[in-house]
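This report concerns only the one structure given below.
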Number of protein chains: 2
Amino acid sequence: MKRPELSPVPDPAADQINDATLRLSVGYHMKRAFNVVQADLVATLKPFDLRMLTYTALVLIVDNPGLSQSQLAAAMDIERPNLVVLMDELERRALINRDRVPTDRRAYALTATLAGRRLYEKATAAVAVHEKRLLSGIDEATRTAVIAALHSIEIGQTGEG
Amino acid sequence: MKRPELSPVPDPAADQINDATLRLSVGYHMKRAFNVVQADLVATLKPFDLRMLTYTALVLIVDNPGLSQSQLAAAMDIERPNLVVLMDELERRALINRDRVPTDRRAYALTATLAGRRLYEKATAAVAVHEKRLLSGIDEATRTAVIAALHSIEIGQTGEG
DNA sequence: CAATAATAGTTATACAGCATAACTTTATTT
DNA sequence: AAATAAAGTTATGCTGTATAACTATTATTG
C-alpha cells in the first residue's frame, strides 16, 4: 500500500504474501507438502484408472489376501460404508473378488484377481518412480529421518498425561 | 484377551495387516501422519469455531492486511469461488471486513476486525500448544530437518528433465 | 433353547473440500 | 470505442468422509 512507484513492480504485496505465522505450524507444512505429493500421486495413478483410495485398497488386498471389508476399512482408516463403493468399483472392474467366508457367511474374503495383481505391479512401479523423483532433492539419511518422524507423529506418542 | 496358540488361528491377518508395500511410499506416510495432525488441529480450532481453512484465511488476513481475495486464494492454493464462501462466513461473523479498494473498484481489501485479531491470537496460541505436544517425541534437530524436507518437497525441485 | 446383543455388509444421506463454467462489474489494452 | 482481461460471484459437480438405519448372520446369555 505504501510502496512508492520507485520500483517497476506495480503492486507491493501482490505476489509476496507473508505466511510466517502459519509456517510455525507443522500442520501447515504438511498440508502444503502433501498437496504436492498427492497431486503427483493422482497424476501417476490416473493412467491406471486408479485413485489413491482404490490404489491403497488394491495394494492391501493383494498383500493381505482373504481379509474382510471391515478389516480393510480399519486398515485404511475409512468408514465401512465408504469402503463398499470402493469394493463395488474394484469388483466391477474385475480387479478383486468378493468370496463368501464359509465360516462366517456375513463376511467377504477379499482377493485380487490376476488382472488386479498385474495392475498392482504396474501401478506400484510407477508410484515408486514418481516418488523417487519427488524426493530427489532429499538425501537418504534425511529421507529416513522424515519417514521415521512422520511415523512417530502417526503413532502419536502424545500421552494423555 | 490374548489368544493362546492352542488353536491354529483361523485367520492369520486378522488384526495384523501388512502394509509394507504402501510404507514404501512417502505419500502414504504423509497422509497417515497428516490425518493425525489434521484431526488434532480440527479439535484445537473447534472451540474457536474455526476450521483449518477459516483459520488459515484469518491468519493470512491479519498478517497481510489489505490483500485481495484473489491474492488470498492464490496464497491458500484454493480456487477463487471457494474463497468467496470462506469470506462470507468470516465477514458474517464480523471477523473481517471487505473494503472496496479505491484504486480498483473490482477488488476488496481484506482486513481483520478487532474481534478477528483477538480470535487470531487465541487460536494461534492454542495451535502452538497442541502442535508442541504433537511433536513432543521428536527432537529439535529432527523437527527442523522435517520442516526443511517438507518445504523442499513443497517447492518441488524436481526438474522436468 | 429362545431372546438378545453384536458384527459384516449395505443403503441413503449430508457435509466439507476442491474444481470448472459462466456471469457481472470494473480496468486495461489496442 | 471495442476488445480483452481481471475481481468477484453464482451455480454445479465430484471426491472424500461421516452417521443413521437397515438386512442377514453370528455370538451371548438368561
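Letters go in sequence order (proteins before strands), and every chain restarts at 1.
Taking 4.0 Å as the cut-off between side-chain N and carboxylate O, B:Glu89 and B:Arg93 count as a salt-bridged pair. Taking a cutoff of 4.0 Å between a charged side-chain nitrogen and a carboxylate oxygen, B:Glu131 and A:Arg23 do not qualify as a salt bridge.
Near DNA chain C, meaning a heavy atom under 4.0 Å away, the residues from residues 24-56 of chain A are A:Lys31.
The CZ-P distance, from A:Arg105 to D:dT23, rounds to 18 Å in whole Å. Atom C1' of nucleotide D:dT17 and atom CG of A:Leu86 are separated by 11 Å, given to the nearest angstrom.
No more than 12 heavy atoms of other residues, nucleotides or ligands shown are found within 6.0 angstrom of CZ on B:Arg118.
Along DNA chain C, the stretch of nucleotides lying under 4.0 Å from any heavy atom of chain A spans, 5' to 3', C:dA6 to C:dC18.
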Using atom types as modelled, flag every donor-acceptor pair under 3.5 Å from a side chain in residues 34-45 of chain A to any protein atom, sequence neighbours excluded.
unit_1  : atom_1 : unit_2   : atom_2 : d
A:Thr44 : OG1    : A:Asp40  : O      : 2.7
A:Thr44 : OG1    : A:His130 : ND1    : 2.8

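Interatomic distance, CG of B:Leu50 versus CG of B:Leu58, reported as 6.5 Å (0.5 Å rounding).
Residues in residues 98-113 of chain A take part in these salt bridge (charged side-chain N to carboxylate O under 4.0 Å, His left out) pairs, two or more places apart or across chains: A:Asp88-A:Arg98, A:Glu91-A:Arg98, A:Asp104-A:Arg106. Here salt bridge (charged side-chain N to carboxylate O under 4.0 Å, His left out) pairs that include residues 55-81 of chain A, with residues two or more places apart or in two chains, are A:Asp77-B:Arg32.
Side chain of A:Asn64 to main chain of B:Asn18: a donor-acceptor pair is present (N/O by atom type, distance under 3.5 Å, no hydrogens or angles). B:Ser68 contributes no side-chain N or O that, together with a main-chain N or O of B:Ala107, makes up a donor-acceptor pair within less than 3.5 Å.
Closest non-hydrogen pair, B:Val62 versus B:Ala112, comes out as CG2-CB, 3.5 Å.
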Quick test: give all pairs of protein nitrogen or oxygen and nucleotides 7-10 of chain D nitrogen or oxygen below 3.5 Å, distance rounded to 0.1 Å.
unit_1 : atom_1 : unit_2   : atom_2 : d
D:dG8  : OP1    : B:Gln69  : N      : 3.2
D:dG8  : OP1    : B:Tyr108 : N      : 2.8
D:dG8  : OP2    : B:Gln69  : N      : 3.3
D:dG8  : OP2    : B:Ser70  : N      : 2.6
D:dG8  : OP2    : B:Ser70  : OG     : 2.9
D:dT9  : OP1    : B:Arg98  : NH1    : 3.3
D:dT9  : OP2    : B:Gln69  : OE1    : 3.3
D:dT9  : OP2    : B:Gln69  : NE2    : 2.8
D:dT9  : OP2    : B:Arg98  : NH1    : 3.0

